[in-house]
Protein chains: 2
Amino acid sequence: MDRFRTMESFVRVVRAGSFTIAASQLGLSRALVSRHVSELEGRLGARLLNRSTRSLNLTEEGAAYLEFCERVFRDIESNERAILRTRQEPVGTLKLLAPKSFGTMHLSDAVIAFAKLQPRLRVSLVLENTPYRGAYDFGERGLDLVLCFSTMRSASVVEQEIASVEWTLCASPDYLARAGRPQTPSDLGDHACLVHVDVMPNDSIWRFEGPTRPSLASQATAGLSPPKRGARRRKGPIAVKVRGAFFSNAALTLGKAAAAGLGVTLVPRYAVADDLAAGTLVNVLPRYRVASRTLLAVYPQAPVIPRKVQAFVEFLKVWMAEHDIGRRKPRVAAASTRE
Amino acid sequence: MDRFRTMESFVRVVRAGSFTIAASQLGLSRALVSRHVSELEGRLGARLLNRSTRSLNLTEEGAAYLEFCERVFRDIESNERAILRTRQEPVGTLKLLAPKSFGTMHLSDAVIAFAKLQPRLRVSLVLENTPYRGAYDFGERGLDLVLCFSTMRSASVVEQEIASVEWTLCASPDYLARAGRPQTPSDLGDHACLVHVDVMPNDSIWRFEGPTRPSLASQATAGLSPPKRGARRRKGPIAVKVRGAFFSNAALTLGKAAAAGLGVTLVPRYAVADDLAAGTLVNVLPRYRVASRTLLAVYPQAPVIPRKVQAFVEFLKVWMAEHDIGRRKPRVAAASTRE
DNA sequence: GTTATTGTTGTGTAATATGCAACAATAGAT
DNA sequence: ATCTATTGTTGCATATTACACAACAATAAC
């Protein structure tokens with residue numbers, strides 16, 4: 001028999017001073033309440049209250065047990081409320097894992113802003129490029145949220161899109177002047193390419209779509225095919241196996257290398273936004289689109305999502321949008337002036 | 001669902017690090033243990049442990065809840081042991097109620113001796129002559145044990161015989177010299193009787209049995225009727241309504257009054273044992289037997305009797321026998337020299 | 001005495017706790 | 001990479017038991 005319920009009945013009987021009243025308060029029959037108390041007495045091996053048809057009186061053991069019950073109930077109540085609060089407000093510790101370069105570039109600012117908003121929440125931001133072991137991260141390492149650019153392809157996690165991060169192909173003007181400006185992706189085979197290597201099997205295969213029609217006016221006059229969104233037409237994806245001249249898993253490093261004239265690099269736009277704005281780097285093959293990668297927030301599949309995770313994901317989405325991180329046409333000047 | 005069991009399952013799972021092992025330890029199926037934990041998580045609204053087929057890991061809430069569970073279990077265990085101990089050894093407070101005269105004369109000594117033997121037990125001895133309200137005493141007043149000479153005639157109490165207390169009819173030699181020595185109970189109607197009044201409807205009706213055959217030899221020679229136990233033969237009870245000259249509910253007072261020559265009194269033998277030994281009082285109508293009254297230990301009917309009550313009743317029985325309290329042929333001299 | 005109300009107990013039924021078996025997921029072995 | 005063994009989960013049938021109703025015993029008030 002459920003011990004909690006028997007204890008509850010007992011406490012109620014004592015408080016009400018009557019089995020009948022207690023039963024009606026509990027929404028049970030007198031019979032059951034009586035059995036509950038008897039059960040308790042049987043298990044404890046002691047009479048808890050002297051019943052005499054017209055009055056109930058606690059025995060010595062009963063008084064001690066009543067006190068105990070009330071303590072346990074208080075304990076339970078406070079504890080359960082504390083745990084239930086994790087659904088209401090972000091409390092505890094939020095453990096984040098993110099790729100190093102993205103983390104240092106932007107996430108750290110977002111996390112700091114978030115931590116300011118949530119003074120009751122401890123935040124742990126781990127930056128590394130060797131993660132994504134799936135369940136291991138959430139289990140053994142106790143991570144709450146992993147931010148990454150590749151799907152985990154696992155049914156036991158939830159992946160939520162945070163932002164689309166544009167990658168951009170760029171080189172320094174002086175390099176282009178020296179090596180020539182490529183006109184199609186396949187031209188890149190002859191260039192010195194600075195390759196961003198993930199730990200994932202990210203080979204040095206660069207993929208493009210395009211080219212985009214040079215003139216918008218020509219489409220408007222044609223009138224045969226309905227204008228597609230963005231007034232742009234794509235061709236099938238083009239994959240180019242590039243010759244690596246320089247490798248790094250740090251996009252910033254690659255950007256610096258490109259600015260130094262080492263070659264052409266394909267990196268997240270955010271990593272070279274400043275150089276592009278300053279003109280130390282310029283876009284290469286602007287008429288070809290580089291597939292953007294989606295920043296994913298990954299957390300364990302569970303019936304209830306901890307409020308802290310939910311809150312951070314929501315915050316990050318807004319923050320990313322507000323700061324134009326990864327926007328296809330970033331207002332670079334504005335972005336650099338913003339906080 | 002039984003919260004204790006779900007908690008138990010959860011704790012076991014964490015300790016074992018596996019649902020399967022925990023289930024076998026608990027003697028349950030994996031399915032049920034899984035359900036238990038799920039139940040718990042559902043009620044708390046938080047995932048308690050991240051399960052990843054090969055390893056289990058507590059979440060933040062899980063760790064907090066585990067600690068809570070263990071605290072509750074420790075609590076329960078210690079409390080239940082404390083209460084179970086009341087069945088093993090006499091602990092707590094033993095509240096006694098006894099008639100005033102008997103209490104002051106003998107019970108107090110017994111109780112003091114008992115209290116010495118049971119240093120962990122507090123004893124409360126209330127002496128009064130207005131008790132026996134049955135359930136009220138055990139209920140409202142919280143008494144554990146009532147000692148009295150009259151049955152409560154209630155199904156909700158247990159009455160245990162402690163000792164048979166002889167009453168004796170006696171007077172001072174000088175009174176008998178003055179007023180004459182009664183030969184039969186009915187002679188008492190002409191005497192000054194000192195009446196012990198209880199609060200109970202104990203009228204001044206005195207009851208006798210007898211007379212006893214004066215000679216034992218006469219029976220041995222007769223050989224017709226088999227000798228009855230004690231070689232004594234009784235006649236039917238004789239009831240005499242006596243004329244009260246003096247009333248008291250204190251047997252000692254009546255004894256003193258009798259010793260002072262005020263009349264004949266019928267009191268518990270223990271109250272006049274010293275006077276009888278000293279000769280300041282002598283037995284009247286020795287061939288008639290006065291109905292002895294049985295000292296009863298009365299306590300509430302309950303499935304389990306508290307050890308303290310049981311212990312005291314046993315102790316009192318032995319003590320009464322050892323001290324010859326109420327014995328029909330008391331070794332008065334010996335009784336007074338004993339402890 | 002009579003009555004009304006209390007706590008307890010017997011009994012049938014509805015709720016649910018439980019085990020079994022099939023399933024999904026994963027870590028390690030081949 | 002594929003296979004295998006093992007884990008935790010879920011659907012389903014069933015045995016358990018929690019529960020209310022009603023009859024009962026006891027008692028306080030009338």
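Any value given below was found using the heavy atoms of this structure, including those in side chains, with hydrogens, waters and symmetry copies removed.
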Between C1' of D:dT17 and CE of B:Met1, the distance in whole Å
14 Å
Separation of A:Leu56 atom CG from D:dA26 atom C1', in whole Å?
14 Å
Are OP1 or OP2 of D:dG8 and a side-chain N or O of B:Ser18 less than 4.0 angstrom apart?
yes
Side-chain donor-acceptor distances from residues 19-35 of chain B under 3.5 Å, at least two apart:
from    : atom 1 : to      : atom 2 : distance (Å)
B:Ser24 : OG     : B:Ile21 : O      : 3.0
B:Gln25 : OE1    : B:Arg12 : NE     : 2.9
B:Ser29 : OG     : B:Leu32 : N      : 3.3

I need the CZ-P distance between A:Arg47 and C:dG7, as an integer number of Å.
13 Å
Checking contacts here: which listed nucleotide (D:dC12, D:dG8, C:dT8) is nearest the side-chain heavy atoms of A:Arg51?
C:dT8
Distance, rounded to the nearest Å, where A:Arg12 contributes CZ and C:dG7 contributes P
15 Å
Does a nitrogen or oxygen in the side chain of A:Ser29 sit under 4.0 Å from OP1 or OP2 of D:dC21?
no
Among D:dT10, C:dT18, C:dT8, which nucleotide has an atom closest to any side-chain atom of B:His36?
C:dT18
What residues form a side-chain contact (heavy atoms from CB on, under 4.5 Å) with B:Phe247, not counting sequence neighbours?
B:Val195, B:Val197
Does A:Arg30 make a side-chain donor-acceptor contact with the base of C:dG7, cut-off 3.5 Å?
yes
Choose from C:dG7, D:dC21, D:dT10 the nucleotide whose nearest atom is closest to any side-chain atom of A:Ala31.
D:dC21
Counting just side-chain N and O atoms, does B:Thr20 come under 4.0 Å of either OP1 or OP2 of D:dG8?
yes
Between atom CG in B:Leu32 and atom C1' in C:dT16, what is the gap in whole Å?
11 Å
Please report, rounded to the nearest Å, how far the P atom of D:dT27 is from the CZ atom of A:Phe19.
15 Å
Presence of B:Arg35 side-chain N/O under 4.0 Å of C:dG19 phosphate oxygens OP1/OP2
no
Look only at the side chain of B:Thr59 and the backbone of B:Arg47, and say whether a donor-acceptor pair between them is shorter than 3.5 Å.
yes
Just call it for A:Gly17: base, sugar-phosphate, or nothing, with non-hydrogen atoms closer than 4.0 Å on any strand.
nothing
How are the rings of A:Tyr65 and A:Phe10 set to each other: parallel, tilted or perpendicular (split at 30° and 60°)?
tilted
Whole angstroms only, please: what is the CZ-P distance between A:Arg5 and C:dA15?
14 Å
How long is the line joining CG of A:Asn50 and P of C:dT6, in whole Å?
19 Å
Do we see a donor-acceptor contact under 3.5 Å between the side chains of B:His36 and B:Ser9?
yes
